[in-house]
Every structure is written in structure tokens, then in C-alpha cells.
Amino acid sequence: MNHPLLLKGVRPLGGQPTDLLLRDGVIAATGAAAVAEAPAGTSELDVAGLIALPGLVDLHTHLREPGREDAETVASGTKAAAMGGFTAVHAMANTDPVADTAGVVEQVWRLGREAGWCDVHPVGAVTVGIAGQRLAELGAMADSAAHVRIFSDDGHCVSDAVVMRRALEYVKAFDGVIAQHAQEPRLTEGAQMNEGQLSGRLGLAGWPAVAEEAIVARDVLLAAHVGSRLHVCHVSTAGSVEIIRWAKTKGWDVTAEVTPHHLLLTDELAASYDPLFKVNPPLRSAEDVQALREGLADGAVDAVATDHAPHPVEDKECEWSAAAMGMLGLETALSVVQEAMIDTGLLDWAGVADRMSTRPAAIGRLRGQGRPLSAGEPANLVLVDADARRTVRPLGLASLSRNTPFADRELPGRVVATFLRGRPTVLDGQAVEPGTARPAPVGSLR
Amino acid sequence: MIRHLLSAADLDHTEALRVLDTAAELLALADRPIKKLPTLRGRTVVNLFFEDSTRTRISFEAAAKRLSADVITFSAKGSSVSKGESLKDTALTLQALGADAVIVRHQSSGAPHRLAASGWVDGSVVNAGDGTHEHPTQALLDAFTLRRHLAGGVGDLDGRRITIVGDVLHSRVARSNALLLATLGAEVTLVAPPTLLPVGIDSWPVSTSYDLDGALAKSDAVMMLRVQRERGAAGGFFPSAREYSRRYGIDSRRMALLPDHAIVMHPGPMNRGVEITAEVADHERSVIVEQVSNGVAVRMAVLYLLLSGSAGEQDA
Ligand SMILES: [Zn+2]
């Protein structure tokens, strides 16, 4: 077990400074009690001024293993997650082979445990081979060691209304949720970027907002009709936010996520024809960005999820239409949210903790994640230096891939330390290899 | 002069006129017995064609050769390009050959931008048609042709009314012409079925109409765009080629709606019987053949202006 560790002067959720005692994987005590109860030999770490948040939980991570280990592995992706302040990620099912059986989800889950950087919760495919035709063995995945609760064909939309209805119904038996990649396939054949003024001028086939909104509207109605749970992946349009907000006023069990990149970047970036900015759903207009921020602020959108999508260099270093869609996200997510939500006054740090940890953990039905920073809770937390600024360097990322849209961009905030059940996975901004025997940290991280 | 020609929007009014004026001088020279000029001797121009277009390729080749440049043509067919060699690797090969200018035709919108912005090649990049994006030298030759017929061969196209008809959505010719003709002061009207006008067209410097008959009477020139039959029944953009030609094709009846001085243009290759009838195509006021010969002069002007400027810099 790890040494007991006393974090001195930390500001939980950005509030008043206090001390936290981490012992035996939990937050053993806070405030004066933390000092009083610290046993002999406790290491003390001066972290005055750093903000503590519950460890971040990502609902949408492409770890690429099995199948595309040239882009990312479970080990490299979860290391990137730890560097970004995450203590749990949901690994998307569109691997090769697809995570559509108990065998594959258990393999991914086990790889996550072995790597030790953060908890890995596999997402199960909704349909066999994410082909959209036949339900995968959802129950077997739910009952497996991986305990799957989120099911998604992400990368593809469950576009057939009957298949979607049956999936929503079926997962009620084990409190599952269908996470929909909302994209009407016929309206987006060959689509390359947001459909608007710019797509017309650039001569790139448009991905219209209505292709997302039509599916979101249909699915909230289906979820209501069968009394099940729907989660909408990466909402990207103002219209989707409105539909989801409306569904919530009806009391329907609908949740949604937004990606960091959709909170900060707009489709204007496509004018460079640089495929680093090619992503699905595409970057949208400034009005959409504003609506997404407001939706996240008022809770219509529940969570930030990265849609971390690693791609090897050759899949981006080409002409736009030949390039792969997707962006890295894990190591920049918190900084982007700080810029888009904190620096604009739309959320405080407690709000960020809610949208990046508490609510995503609740959606995934995770027990030991997204908990308050109080005595007796698991010691999953991240320490953030909100006053730092840093320039994103693709070569400095822990991910195996380099496709960050924030390359050479200056962003606020820095993850100083991440703790997974009391064990540091990141200290002083450096990854701490799991399982390495090393002295307990002492000194200052200010 | 600009370093690359990727979009018609790269040319401001002054630069566009400089290209047209230079083309006019070069065209005059072409009437002399010796057609070759020594201007680009020792320079290498590469034609990089990822997509078949014999007309455009031959036009650029002729232009470069008449300026005495060394011309290398790299076609997708029968080369490594079609076997999945990346744009980057092809570009690096060209760089090794010492290309001073790379003329790119590509099925993917923005591919010439990628070449120009990537640092993979040092030479000037000329867009010879990219996907459904742009074809700026086609617009220049169209403007050149329009100027000869509507403006006495000098100055710009101030107030001239140009109607462009057809598949604007998929047309790089329409995009480049809308931008360049507006720069030159023309009043451009795009006529198409609503399914073939892109979303956001209200932000273009043009007006639009769904009614060809109404637009023709107010046109100094009408430019018919090629429409692929497969956009119809199979593509779902219009019900049939027959209905398309009835509503948006030009025939003798519609020709009669044009003012007497108006000319008919087509960037080629034509679908006779779809967007244009044979009678109109071969009419004395059709300037379609002249467009082709003007194309060589305009492309000579573009290469001359892009490369002679950079040669001066290198010598200095
Ligand atoms: Zn997706």
C-alpha cells in the first residue's frame, strides 16, 4: 500500500484551502482532522493554491486496442488520460475486432487493469460488428467481468429505428444505457465538414445539423416511449441542445455529452484544408459553440467527453477528403474546458467537477468515481494549477498519436497531479509509472 | 504577383487585370511565325494530374512549352499515384526533380492548398481544378473571352451581366467564375434547380435564380455548365436528364431570348442534348472553341507571372 500522504493547502473545487489526508486508497480525513490523524511517517506535500477536483471521468475514449495499436494502446491511451487528470475512461467499442462480445470487453478491461493508469470501462457495441443490423449479446457483456453499462456503435449511428428501439428496451434489464452517435446516414453520405456557407465555398460535401438533430429528436421520443435511458454522444449543434433540454423538461431519462473541441473550435478552421481539423461530428459555427457552452452551463448537456480519437500521422498528412476523422482530447480536455467555461464565467470549478466527473460517473453507473472530496471517499482526484499557461506540443503528448487540433496553441491550466485510489499516476506534471517502487512524494508542488 | 494560384479569390482587381493584359500580349505573339518564347528556359514545370483531364493537361503543357519551360507530366493512370502513393510522397518526388511550378489537378477539394501550405514543395502551385472547389485558370480564360467580346479586350467587366447555368453545387468552374467575375465588376447570376445550389450561396457575391428564361433577357453572356447525367435519376438532384434540359438547358428558343450581342459559353466537355443543344453549341455566337485557344494564352500568362517574378528573386 502507498504511504499516507498529506496534501497541504489544497483548494477542493476551488474553494477555501484545506488539508487532505490520503491513506489506504481513500481520503481518510480533511481539514484539521487530516493533520491530527496523520500517522507517523506521513509524507507531506505542499500544494497550496492548487485546485482539487474529483478524478475526471471520460465517457468517450477511443483506445484503439485491439486492432490499431499503431495509433494507440490501452496503456498509452490511459497514460494520456492520467496526464489529463482522468481516473476513469470508457473505451469505445469500434476496435478490430469490435467489442461486441464478453470476450473482447473483458480483454480491454483486463488490459486497463494491467496498465494501471486509470480505470478502464469498456463500452459494448449495440449491434454485431457495429453493423446496425442485429443486437450484440448485450446481456453477456453486462454480466462479464467488465460490467458493461454503456453500449454504443459509436463511429456509426444506430440508424434503424426498430433496432434502436429494441436496444433501448433490452438494456433496461441491467440498467444499461444506449449512447447514440447521432448521424442520419443518408443525409451525410460523403460528408466532409459542417454544411454552411463555408462548405459551399470550399467545395466540401456538407454534414448538415439536421442530420444530427433528426436522430436526437427520434431517439428522445423512442427513449420516452419505451421508458429507457438514452445518452447522446458528442452533441454539436444548437438544435440538438434545444431538443435535449426539451426532453429533460418532460422528465425523460436523456443525457448528453459535448466534446472539448466543440466547445472551442469552429468550422472556419476547415478553410485551411488541414485534416487536423477534420472530425465527426464536424466543427460547427460560432453560434453552435455558444449554444453548447450555454447548454453545458445550464445542465441541458450533462458532461464533457473527449471523443479522444488517435490517428497515425499518415492518416492526417494528406488531402482533406482522404484523411481520417478525429482528434486527440484527453491531455487537453481540462484546459479547454477552463478556457471555454471557467474563463468565460459560465461554470465554476464545482461545475466543472460535476460535468467532468460526477455526472459522467453517474451515467456510466461507476461506483467509486465522481465522488465528493470528503472523508471516507475513494482518493481519486486531480490537482490543477489554474494559473499556469502552457503551449500544447504534439511531440510532448503521452498519446502514441499526434493529431491534436490545439498544436502550438496556448491554453490555461495544468494538471499537476492525479491520484488513483491514493496512488499518484501523475506528480508534478510527470507520469509516474504504475508499479514502480519509488519513495513517497515529499516537498512542494506549488 | 502572388506565389501560388489556388483560388480565384487569390487575385485582386489589379492582379486579375495583369493576368488578362499579359495574356493579351502573349496571344498577339502567338500570331507570329515563331511561337516559342525563351522566358522560362531552364525552368521546370510539372503537370501533376491525379484526375484525368486531357483538355486541361494539354492546355497547360502547350502553355509551358511555348514559354520554353521543361515540362514533366505526372498522370495518375499508370503511375504510383493510383497505387495509393500519398500526395506527400508524390510531392517530395517532384521536389527532388526541382519543380519550379506544380500544376495540380486533384479529385479532392483543397489538395492544391495542402501542397502549397505543407512545405513539401518549394515551387509555385497552380490549381488546375480540385474536386468540387475551384478551377481558377478556367475562370481567367472565361474572363479573357468575355472581355474580348463584351469590353473591347481591355479593362475589366464592370456592369456586364453574366449568367451561369447548371450544376453549381458540384462545379469548380462556377465557384472560380463567381469570385473572379465579381472581382472584375461583373454582375453574376447563377441559375440552377434549387438542389444544385449550395447551402450558404447567399454569402457569395452573386445573385441566384431558378428561372432561366427570366435571366436570359438580362444577360450579356450565358455560361452553360456541364451537368453529369448521373446527378439525375441516380443522384436524385433532378428527376431526369430530359426534365433538366427542358428547364435548364439552352436551345434555339432560349437563344432567341438573349440580347443580340450576347454570347454563349461552355467550359467543356459538353453534354450535347442535355445542357446545350448542338444548334446552340455550333451557333456563330457560341465562343466555345475560342475559349479553348484563349486557355493557352491565359495559362502562359499565369506561369509567366508566377515564375518570372520568383526567378528575379532567386537571381538577386
Ligand atoms: Zn462518434
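Order of the sequence lines sets the chain letters (A, B, ...), proteins ahead of strands, with each chain counted from 1.
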Scan chain A against chain B and return every donor-acceptor pair whose distance is under 3.5 Å.
unit_1	atom_1	unit_2	atom_2	d
G200(A)	O	R175(B)	NE	2.6
G200(A)	O	R175(B)	NH2	3.0
G203(A)	O	S109(B)	OG	2.6
G203(A)	O	T132(B)	OG1	2.6
Y273(A)	OH	H133(B)	ND1	3.3
Y273(A)	OH	H133(B)	NE2	3.2
K316(A)	O	R114(B)	NH2	3.3
E317(A)	OE1	K88(B)	NZ	2.8
E317(A)	OE2	K88(B)	NZ	3.2
C318(A)	O	R114(B)	NE	2.8
C318(A)	O	R114(B)	NH2	3.4
E319(A)	OE2	H106(B)	NE2	3.4
S321(A)	OG	S108(B)	OG	2.6

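- For E339(A), the salt bridge (Lys or Arg N to Asp or Glu O under 4.0 Å) partners two or more places apart in sequence, or in a different chain, are R409(A).
- The residue among L198(A), L204(A), L202(A) with the most heavy atom pairs within less than 4.5 Å of chain B is L202(A).
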